Amino acid sequence: MKGKLLPDLRFVGSLTLAGLISGGLTANLSMDYLDGCLFGVMLAFSLAISGITDRLWKLPSIVVLTTVAFFISWMLMFETAYQFPGGHYSFGGYSRVSPYSLFIAGMAGGFVVFGGTLPLVNPRIRFRSLVLRVIGGSVLGGALAVIGWALGPSLGPWVVPPQPWEVNVWTTAFEDTRLHHCALHVVWQAGMAFALGVNLRSYRLSPGPRN
């Protein structure tokens with residue numbers, strides 16, 4: 001039991017750490033619509049050193065998947081952030097982003113990441129299992145987006161150095177500020193990486209040929 005648990009923890013921990021690092025880098029190195037690229041690079045690197053993928057073409061495919069996931073998520077949030085209940089646009093002041101918009105955007109990103117990464121890494125996965133895991137990953141992605149954004153006032157200053165006008169300024173959970181964006185990156189990427197690690201750990205230890 002101990003011999004199996006330790007590799008599991010190392011694998012899941014390495015993926016989670018990769019997501020945490022990529023989230024911090026994304027928050028500090030704004031790449032606009034290519035923000036998901038760093039997440040994919042860190043995931044691909046972690047999967048490669050774990051030995052779970054033995055086809056090099058799969059690694060850039062993961063980068064493409066995460067980049068597309070982030071692009072879709074941000075476009076959805078941009079279009080719906082102020083239209084859904086709880087959202088409000090303020091010209092010249094802080095706007096509020098609807099938690100419903102965050103959930104939908106995060107869920108869409110989770111769907112793309114899980115729906116693409118799981119069958120790519122584990123081509124032997126059964127269709128029913130894939131569907132259930134993708135649904136779970138999508139819901140988790142939505143929840144992480146809401147939680148990450150809400151933690152902006154408390155977590156954001158630990159992710160990026162606050163600007164002078166951001167120091168000692170009280171903000172609410174769903175205001176649209178730079179600190180909220182930064183906290184979202186860290187929480188969502190670390191949480192999704194952890195979930196991917198949990199879902200892929202059994203495949204990593206299973207016998208049989210890999211495609």
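Quick note: numbers below take in every heavy atom, side chains included, and nothing from hydrogens, waters or symmetry partners. We count residues from 1, following the sequence as given. Everything numeric here is computed off the predicted structure, so don't read it as measured data.
Minimum heavy-atom separation, Phe114 to Ala195: CZ-CB, 3.6 Å. Summarising the geometry of Gly106 relative to Ala145, their closest heavy-atom pair is CA-CB, 3.8 Å, with the distance given to 0.1 Å. In terms of heavy-atom proximity, Ser101 sits nearest to Phe84 at N-CD1, 3.7 Å. The two atoms that bring Gly156 and Ala183 nearest to each other are N-CB, 4.1 Å, heavy atoms only. For the residue pair Met77 and Leu102, the shortest heavy atom distance occurs at SD-CD2, 3.4 Å. Taking all atoms of both residues into account, the shortest heavy-atom contact from Ala108 to Ile72 is CB-CG2, 4.2 Å.
Residues satisfying the side-chain contact (heavy atoms from CB on, under 4.5 Å) test with Ala69, not counting sequence neighbours, are Val112, Val113. Ser129 is linked by a side-chain hydrogen bond (donor to acceptor under 3.5 Å, both in side chains) to Arg133, counting only residues two or more places apart in sequence or in another chain.
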When you look at Leu65 and Ser61, which way does the side chain to side chain contact (heavy atoms under 4.5 Å, CB included) test go after all the steps? CA-CA 6 Å; Leu65 277 173; Ser61 298; 5.6 Å; no

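Checked by atom type and distance alone, the side chain of Ser73 never pairs as donor or acceptor with a backbone atom of Phe70 at under 3.5 Å. A donor-acceptor pair under 3.5 Å is absent between the side-chain atoms of Asn28 and the main chain of Val160, judged by distance alone. Counting only distance, with no hydrogens or angles, the side chain of Ser22 and the backbone of Leu38 share no donor-acceptor pair below 3.5 Å. Between the Ser98 side chain and the Pro85 main chain, a donor and an acceptor come within less than 3.5 Å of each other. Using modelled atom types, one side-chain atom of Thr67 and one backbone atom of Val63 make a donor-acceptor pair closer than 3.5 Å.
Counting heavy atoms from C-beta outward, Val187 and Leu155 have side chains that approach closer than 4.5 Å. Proximity of Cys37 to Val41: side-chain heavy atoms (C-beta onward) are separated by under 4.5 Å at one or more points.
Annotation: the span from Arg96 atom CZ to Tyr82 atom OH amounts to 11.0 Å, rounded to 0.5 Å. Here the straight-line distance linking atom OG of Ser14 with atom CG of Leu9 works out to 11.0 Å at 0.5 Å rounding. The distance from atom CE of Met107 to atom CG of Leu76, rounded to the nearest 0.5 Å, is 9.0 Å. Rounding to the nearest 0.5 angstrom, the gap separating the CG atom in Leu43 from the CG atom in Leu59 is 11.0 Å. For the atom pair CD (Gln189) and CG (Leu184), the distance works out to 8.5 Å, reported to the nearest 0.5 Å. One distance of note links CG of Leu144 with CG of Leu151; it measures 10.5 Å at 0.5 Å rounding.
Note on Met192: it does not cluster hydrophobically with Leu132, by side-chain heavy-atom contacts below 4.5 Å among ILVMFWY residues. One hydrophobic cluster, built from ILVMFWY side chains closer than 4.5 Å, cannot hold both Val186 and Phe45; they sit in different ones. Using a 4.5 Å cut-off between side-chain heavy atoms of Ile, Leu, Val, Met, Phe, Trp and Tyr, with links allowed through other members, Leu196 and Ile49 fall into different hydrophobic clusters.
With Ile125 as the partner, the side chain to side chain contact (heavy atoms under 4.5 Å, CB included) test is satisfied by one option alone out of Leu130, Leu200, Leu120: Leu130.
Within a 6.0 Å radius of CZ in Phe103, other residues, nucleotides and ligands contribute more than 12 heavy atoms.
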